[in-house]
Peer 1: 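Mind having a look at this structure? Questions to follow.
Lettering follows sequence order; numbering is per chain, from 1. Hydrogens, waters and symmetry mates are skipped; everything else that's a heavy atom, side chains included, is used.
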Amino acid sequence: MASLSPLPPPNPSSSNPERSRALNKIPPFFTKIPSWISLSSSAASSSSSSPLPFIRKDKNQKGFLENLHLVSLSKQGRFHEARQFLSFMDSSGILIGADFYKILFESCGAQRSLHDGRFFHQHMLKNIGRSDSYGVPGDCLLRMYFDCAGFDDARKLFEEMPNKRLNDWGIMISGYAENGLFHEAIALFYKMKSDGFRLEPTIITCLLRASSTALELELGRQIHSYVVKTGLVPDVSVDTELVNLYVKCGCLESSALLLDHMVESNVVAWTSLMVGYTQAGRQVEALVLFDRMMQHGVELDHFVFSIVLKACSALEDREAGWQVHGCIIKLGMDSDVSAGTPIVDFYVKCGSIGDACNAFDRISQPNEVSWSAIITGYAQVDRFEECFEIFRYLRSRDMLLNSFIYTSLFQVCAALADPNSGSQLHADALKRGLVSKLYGESALVTMYSRSGNLDYARRTFELIAEPDTVAWTAIIAGCAYHGRASEALELFKRMQSHGVKPNSITFIGILNACSHSGLIFEAREYLDSMSKFYRVKPTVDHYNCMVDVYCRAGQLEEAFKLIDSGSFEPDALSWKILLGGCTTHQNVDLGKIAGENYLKMEPEDAAAYVLTFNMYASAGRWAEAASIRKMMNGRGVKKEVSCSWITVKDK
DNA sequence: TTAGGGTTAG
């Protein structure tokens with residue numbers, strides 16, 4: 001039921017006749033270059049951050065397509081091909097447009113390729129000279145050099161700049177500071193002053209932002225005191241940056257104090273502190289701040305709503321969330337994607353898929369974040385078919401997809417144990433570069449192991465560059481799921497040798513592995529070592545795994561002793577496991593105790609009656625079995641009808 | 001200047 005329709009090729013518009021005509025005009029060499037992204041209009045317009053839409057106005061300019069192709073190669077990091085293509089452009093007399101130079105420099109910066117950055121810089125100097133009038137301002141070169149850690153190049157360029165603008169100083173100072181070169185940043189700061197520049201708030205702001213990005217609290221403090229001492233005119237952006245600095249560095253109290261004394265109330269500063277509170281798990285204070293903010297009459301925006309709704313869902317405070325939702329409706333912002341999406345997420349986190357859908361329907365132009373939020377919502381309530389439907393819809397419309405969507409769908413395939421859809425999605429995500437590091441990769445490991453292919457799960461795992469605790473746990477749990485205890489334990493050793501620390505869930509995997517392979521002694525050792533060596537406190541879940549270990553091995557008395565030992569607070573599951581063990585190993589005396597306790601704890605759970613009934617029945621104790629059946633009927637407990645599914649010819 | 005969606009278990 002969950003299989004996907006066959007996937008079309010990645011460039012859906014390759015058969016467009018207009019495009020074919022356009023391609024005929026360009027040299028044959030051009031068409032041989034394997035780059036579907038270059039010439040796909042959908043790719044060009046799919047990202048809001050794409051610079052291509054604004055370039056389109058020059059569409060008729062000579063060499064437009066070539067310029068487009070060149071920057072596309074550079075954006076993909078294919079600089080070798082880009083340089084080859086550039087030499088072809090040079091020989092054909094095609095110039096690089098100013099906007100395209102800018103993108104080339106941006107790409108070099110993004111890919112940290114100093115070598116190529118220098119090359120394109122030299123190319124520009126050779127062809128158009130050092131002229132801002134061409135439309136390539138020096139600041140994008142400065143930025144590129146800082147992004148590529150070409151500090152000397154940046155300094156040289158800056159020193160040679162005939163007309164240094166405020167912005168250029170700002171880039172230099174923050175560039176140094178963000179890269180940890182604080183002495184250089186401060187020296188330049190003083191140089192600027194001695195050169196007769198007034199210390200504009202923008203420069204102070206640059207330095208402060210760099211300090212908060214680098215978490216350089218001390219430097220930030222010094223700038224703060226400089227601001228106070230020199231009696232710089234109070235400035236709302238400086239104040240806001242200071243609030244942000246203290247938040248980022250974890251000094252929430254200082255930040256709150258500053259906020260109280262700001263010259264002018266500013267929504268960004270309030271939001272910043274709210275973020276600080278929520279990240280520190282102080283959700284209640286975030287809500288109190290929101291309340292105060294409203295009393296101060298600060299104009300609310302979607303950033304505030306998003307963070308306050310997050311606090312509400314973390315607190316599981318539906319009432320507060322509803323109020324915020326109401327507030328958003330009153331302001332008429334619920335149709336705005338930036339406010340609407342956090343509402344969807346809030347309802348998803350509360351498990352109210354219906355409310356989430358209603359909120360989603362109100363969004364006038366849902367974006368990929370909205371879609372991924374609603375897909376996650378459906379996945380959480382096991383409405384897997386809807387997840388696929390949405391995905392097919394997005395894909396058929398060639399809408400923007402992202403790694404979040406794929407990660408959720410991998411989880412769906414894991415839940416459905418559907419390797420067909422799973423591997424198609426995997427391939428699709430790979431082609432689009434949308435398997436996110438760790439998140440997506442761990443979900444894939446689980447997807448393959450759950451759908452029966454431990455071999456693929458292992459291969460996927462081995463391809464993870466730096467597996468974290470979650471990724472290791474995923475593969476360990478996968479091995480445990482397939483009863484491959486020795487592999488799981490081996491991986492656990494490897495994990496530690498890589499310096500990755502196990503967490504509570506890792507131990508569930510380890511104990512499960514032991515339980516499926518009858519490793520009683522080892523399980524006990526691991527359970528005991530948890531708090532001793534790993535500082536992970538065992539919970540009832542871990543003890544239940546241990547109960548399961550004993551039960552599967554037929555050591556029912558041991559299982560009972562553990563439950564009865566007082567070392568943990570047994571829950572219904574503890575008794576349920578023991579009851580199952582007693583049924584398998586025909587121990588009615590213990591089974592009776594287990595059943596009674598289980599029934600006492602979960603009187604509404606049909607399974608409690610059915611399992612107790614089965615235990616008596618399998619021992620031929622029909623009178624007791626009948627009394628259980630009678631008790632179940634008397635209490636009106638009904639067994640849930642179960643179902644399963646198979647896929648036949650994609651249906 | 002401030003945020004929003006996802007990873008591991010029984």
Peer 1: Using the salt bridge (charged side-chain N to carboxylate O under 4.0 Å, His left out) rule, collect all pairs that involve residues 462-477 of chain A, keeping only residues at least two apart or in two chains.
Peer 2: Arg458(A)-Glu462(A), Glu462(A)-Arg494(A)

Peer 1: Going by atom type alone, with no hydrogens or angles, which donor-acceptor pairs under 3.5 Å involve a side-chain atom of residues 276-284 of chain A and a protein atom two or more places apart or on another chain?
Peer 2:
{"unit_1": "Thr278(A)", "atom_1": "OG1", "unit_2": "Met274(A)", "atom_2": "O", "d": "3.2"}
{"unit_1": "Thr278(A)", "atom_1": "OG1", "unit_2": "Val275(A)", "atom_2": "O", "d": "2.9"}
{"unit_1": "Arg282(A)", "atom_1": "NE", "unit_2": "Glu285(A)", "atom_2": "OE1", "d": "2.9"}
{"unit_1": "Arg282(A)", "atom_1": "NE", "unit_2": "Glu285(A)", "atom_2": "OE2", "d": "3.2"}
{"unit_1": "Arg282(A)", "atom_1": "NH2", "unit_2": "Glu253(A)", "atom_2": "OE2", "d": "2.9"}
{"unit_1": "Arg282(A)", "atom_1": "NH2", "unit_2": "Glu285(A)", "atom_2": "OE2", "d": "2.7"}
{"unit_1": "Gln283(A)", "atom_1": "NE2", "unit_2": "Thr278(A)", "atom_2": "O", "d": "3.3"}

Peer 1: The criterion is ring-ring contact (aromatic ring centres under 6.0 Å, His included); which residues satisfy it with Phe492(A), sequence neighbours excluded?
Peer 2: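 In terms of ring-ring contact (aromatic ring centres under 6.0 Å, His included), with neighbours along the sequence ignored, Phe492(A) is linked to Phe507(A), Tyr526(A), Tyr534(A).
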
Peer 1: In chain order, what residues pass the salt bridge (charged side-chain N to carboxylate O under 4.0 Å, His left out) check against Glu241(A), with sequence neighbours excluded?
Peer 2: Arg209(A)

Peer 1: Roughly how many Å is it from CZ in Phe303(A) to C1' in dG4(B), rounded to a whole number?
Peer 2: 10 Å

Peer 1: Identify whether any heavy atom of Ser338(A) sits under 4.0 Å from a base atom; if not, whether one sits that close to sugar-phosphate; answer base, sugar-phosphate or nothing.
Peer 2: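 Answer is base: heavy atoms of Ser338(A) come under 4.0 Å of a base.
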
Peer 1: Salt bridge (charged side-chain N to carboxylate O under 4.0 Å, His left out) with Glu368(A): which residues, sequence neighbours excluded?
Peer 2: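 Listed in chain order: nothing, the list is empty.
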
Peer 1: Looking at every strand, decide which applies to Glu368(A) at a 4.0 Å heavy-atom threshold: base, sugar-phosphate, or nothing.
Peer 2: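 If one applies the 4.0 Å heavy-atom cut-off, Glu368(A) turns out to touch a base.
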
Peer 1: Do any of residues 341-356 of chain A sit with a heavy atom less than 4.0 Å from DNA chain B, and if so which?
Peer 2: Thr341(A), Asp345(A), Lys349(A)

Peer 1: Once you apply a heavy-atom cut-off of 4.0 Å, does Ile307(A) come out as touching a base, just sugar-phosphate, or nothing?
Peer 2: sugar-phosphate

Peer 1: My understanding is that only residues two or more places apart in sequence, or in another chain, count here; which of them pass salt bridge (charged side-chain N to carboxylate O under 4.0 Å, His left out) with Asp455(A)?
Peer 2: Arg459(A)

Peer 1: In whole Å, I'd like the distance from the CZ atom of Phe391(A) to the C1' atom of dG6(B).
Peer 2: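 It is 15 Å, rounded to the nearest whole Å.
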
Peer 1: Does the plane of the ring in Phe305(A) sit parallel, tilted or perpendicular to the ring in Phe290(A)? Use 30° and 60° as the thresholds.
Peer 2: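 Perpendicular, since the angle between the ring planes exceeds 60°.
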
Peer 1: Below 3.5 Å between N/O atoms, which protein atoms pair up with nucleotides 8-10 of chain B? Just atom names and distances, please.
Peer 2:
{"unit_1": "dT8(B)", "atom_1": "OP2", "unit_2": "Gln411(A)", "atom_2": "NE2", "d": "3.2"}
{"unit_1": "dG10(B)", "atom_1": "OP2", "unit_2": "Arg450(A)", "atom_2": "NH2", "d": "2.7"}
{"unit_1": "dG10(B)", "atom_1": "N2", "unit_2": "Asp541(A)", "atom_2": "OD1", "d": "2.3"}
{"unit_1": "dG10(B)", "atom_1": "N2", "unit_2": "Asp541(A)", "atom_2": "OD2", "d": "2.5"}

Peer 1: OP1 or OP2 of dG4(B) less than 4.0 angstrom from a side-chain nitrogen or oxygen of Lys310(A), does that happen here?
Peer 2: yes

Peer 1: Can you tell me if Gln496(A) has over 12 outside heavy atoms packed within less than 6.0 Å of its CD?
Peer 2: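 Correct, the count exceeds 12.
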
Peer 1: What contact category does Val337(A) fall into here, base, sugar-phosphate, or nothing, at under 4.0 angstrom with non-hydrogen atoms?
Peer 2: base

Peer 1: Output all residues satisfying salt bridge (charged side-chain N to carboxylate O under 4.0 Å, His left out) with Arg318(A), sequence neighbours left out; order by chain, then residue number.
Peer 2: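 Expected list: none.
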
Peer 1: When we call it a touch if two heavy atoms are under 4.0 Å apart, what does Asp239(A) touch: a base, just sugar-phosphate, or nothing?
Peer 2: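 Counting heavy atoms under 4.0 Å across all strands, no contact is made by Asp239(A).
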
Peer 1: Just to verify, what does Phe410(A) make a ring-ring contact (aromatic ring centres under 6.0 Å, His included) with, not counting sequence neighbours?
Peer 2: none

Peer 1: Which pairs pass side chain to side chain donor-acceptor pair (under 3.5 Å) with one or both residues in residues 469-478 of chain A, sequence neighbours excluded?
Peer 2: Thr473(A)-Thr506(A)

Peer 1: Determine whether a donor-acceptor pair (one donor, one acceptor, N or O, separation below 3.5 Å) exists between the side chain of Ser306(A) and the base of dG4(B).
Peer 2: no

Peer 1: So if I take residues 257-294 of chain A and measure heavy-atom distances to DNA chain B, which residues fall below 4.0 Å?
Peer 2: Val268(A), Thr271(A), Val275(A)

